[in-house]
Amino acid sequence: MAGWAIAVHGGAGVDPNLPPQRQEEAKQLLTHCLNLGISALRSGASAVDVVELVVRQLETDPIFNSGRGSALTAKGTVEMEASIMDGTKRRCGAVSGVSTVKNPVSLARLVMEKSPHSYLAFAGAEEFARQQGVEVVDNEYFITPDNVGMLKLAKEANTIMFDYRIPTEKCAGLESPVKMNGLPISVYAPETVGCVVVDSEGRCAAATSTGGLMNKMSGRIGDSPLIGAGTYACEVCGVSCTGEGEAIIRGTLAREVAAVMEYKDLGLQEAVDFVIKHRLDEGFAGLIAVSNKGEVAYGFNCNGMFRGCATENGFMEVGIWE
């Protein structure tokens, strides 16, 4: 075997004016999550165990838009979504519309392993969570003062807002040519989280989790819980995407990476570059990927992506910009 590899992301599309302190906080969290995953891999943990472990950590910290600190809907509530996929047998689990489950990625894994289904949403997902005895909290646990302020700003601007981490004063009066399904949005910088791993046995896995869009319509579902769009893993590779969800869905972005590796015989980085260049149309996104050969890769077509990656041969990188 070529050895293990791991990559983690905290969202693609970053405001160039993001304060240095927030940049440093993000990089510290990514580094911590990488080290958490590396330690587990060195101990012989499976790929699917590691992606769940790392994404749970990202959901617990409010730095990024998942779990605690999730973006708020137009109603001021949280509707989280997550998915996980074990590439060995292409088993998968996903949840949407979760509002009380502390770690949606773990509920997604339970859907994969303890239910006859692949995807549960809203009341059904919440009921299943209680049947399985997962940790639940009040919806208020997920709501931070930053989110409340940014939702107010989004409502005043009558728009969906992507990067609710940008200080309020930097958003006032800001205009953007970026559109979603033909409709203008204010600031492009979603902060979905994800992790991909290939373990020492060559098994690939992927997991993705998000709170969605600030001021989104209640009931909106993005790419993160959709297998083949935001998340995909097979015997060849594992992929997690982040960015403009509607564009990722249209391009079935995560599956496309595996497809061009399988059918065009491209290497991992070649496949990532091809998909980012040719499958996003006018959308903006990024992704991280690992291969069963112990390779790691990432790509994005916007101005930055919170990401980190490491391999068994000692390579480690954490970055935001190109």
Side-chain angles (χ1 to χ4, degrees), residues 7-13 48 51-52 54-56 58-59 64-67 70-71 79-87 90-98 103-109 111-112 118-121 125 162 180-181 188-197 204-213 216 220-234 237-260 271-272 275-276 279-281 283-290 297-302 305-307:
V8 60
H9 73 71
V48 72
V51 295
E52 180 189 10
V54 170
V55 173
R56 278 180 62 95
L58 289 163
E59 290 174 338
F64 296 123
N65 174 16
S66 67
S70 286
E79 293 180 358
M80 299 169 289
E81 45 197 30
S83 62
I84 191 167
M85 191 163 186
D86 183 349
R90 283 186 282 197
R91 300 182 307 147
C92 58
V95 294
S96 284
V98 175
N103 291 108
V105 71
S106 292
L107 182 59
R109 182 169 183 181
V111 171
M112 176 176 74
S118 295
Y119 195 161
L120 294 176
F162 279 83
M180 173 179 288
N181 282 348
Y188 183 78
E191 294 178 332
T192 296
V193 305
C195 181
V196 292
V197 167
C204 299
T208 312
S209 181
T210 189
L213 308 178
K216 68 181 179 181
R220 182 262 184 182
I221 293 173
D223 67 285
S224 296
L226 300 185
I227 300 302
T231 303
Y232 191 74
C234 60
C237 64
V239 184
S240 176
C241 301
T242 174
E244 185 186 338
E246 278 64 15
I248 295 169
I249 293 169
R250 292 194 302 271
T252 57
L253 217 63
R255 169 58 188 156
E256 282 290 288
V257 174
V260 297
V272 168
V275 168
I276 291 294
R279 294 293 184 262
L280 275 168
D281 301 321
F284 292 93
L287 61 86
I288 53 174
V290 293
Y298 63 84
F300 51 93
N301 67 347
C302 38
M305 179 170 74
F306 296 105
R307 82 273 179 183

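This is a predicted model, so every value here is computed, not measured.
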In sequence, state the C-alpha distance, the side-chain angles, and the governing distance for I276 and L287, and then conclude on side chain to side chain contact (heavy atoms under 4.5 Å, CB included). CA-CA 8 Å; I276 291 294; L287 61 86; 4.0 Å; yes

Under 3.5 Å, is there a donor on one side chain and an acceptor on the other for S96 and Y119?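 Looking only at side-chain atoms, Y119 and S96 do form a donor-acceptor pair, the distance falling under 3.5 Å.
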
Pair T192-T210, side-chain donor/acceptor within less than 3.5 Å: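 Yes, a side-chain donor-acceptor pair sits under 3.5 Å.
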
Using every non-hydrogen atom in the two residues, find where [X] and [Y] come nearest and quote the distance to one decimal.
X	Y	value
V239	A289	CG2-CB, 4.1 Å
A233	C204	CB-O, 4.1 Å
S66	S70	C-OG, 3.4 Å
G283	N301	O-ND2, 2.9 Å
P225	A94	O-CB, 3.2 Å
A254	G230	CB-C, 4.1 Å

Would the distance check show the side chain of [X] and the main-chain N or O of [Y] forming a donor-acceptor pair, the cut-off being under 3.5 Å?
X	Y	result
S83	S224	yes
E256	R279	no
D281	G251	no

Nearest-0.5 Å distance that lies between atom [atom1] in [X] and atom [atom2] in [Y]:
X	Y	atom1	atom2	value
M85	C234	CE	SG	7.5 Å
L226	R255	CG	CZ	15.5 Å
C237	Y232	SG	OH	8.0 Å
R307	T242	CZ	OG1	12.5 Å
L107	E81	CG	CD	13.0 Å
I84	I227	CD1	CD1	9.5 Å

Side-chain heavy-atom pair M305, I288 within 4.5 angstrom cut-off: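 When only atoms from C-beta onward are counted, I288 and M305 do touch, with a gap below 4.5 Å.
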
Are D223 and L253 packed together at the side-chain level, in the sense that at least one heavy-atom pair is separated by less than 4.5 angstrom?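 A side-chain contact under 4.5 Å is absent here.
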
Test log, rule side chain to side chain contact (heavy atoms under 4.5 Å, CB included), inputs E52 and N103: CA-CA 10 Å; E52 180 189 10; N103 291 108; over 6 Å; no

S209/M80 under side chain to side chain contact (heavy atoms under 4.5 Å, CB included): CA gap, chis, key distance, verdict: CA-CA 8 Å; S209 181; M80 299 169 289; 5.9 Å; no

Under the rule for side chain to side chain donor-acceptor pair (under 3.5 Å), what residues qualify as partners of E79, not counting sequence neighbours?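 Scan of E79 (side chain to side chain donor-acceptor pair (under 3.5 Å), adjacent residues dropped) gives S218.
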
Take H9 and Y298, measure what side chain to side chain contact (heavy atoms under 4.5 Å, CB included) needs, and give me the verdict at the end. CA-CA 9 Å; H9 73 71; Y298 63 84; over 6 Å; no

R56 atom CZ, neighbour heavy-atom count above 12 within 6.0 Å: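 No, because the 6.0 Å sphere around CZ of R56 holds 12 heavy atoms or fewer from other groups.
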
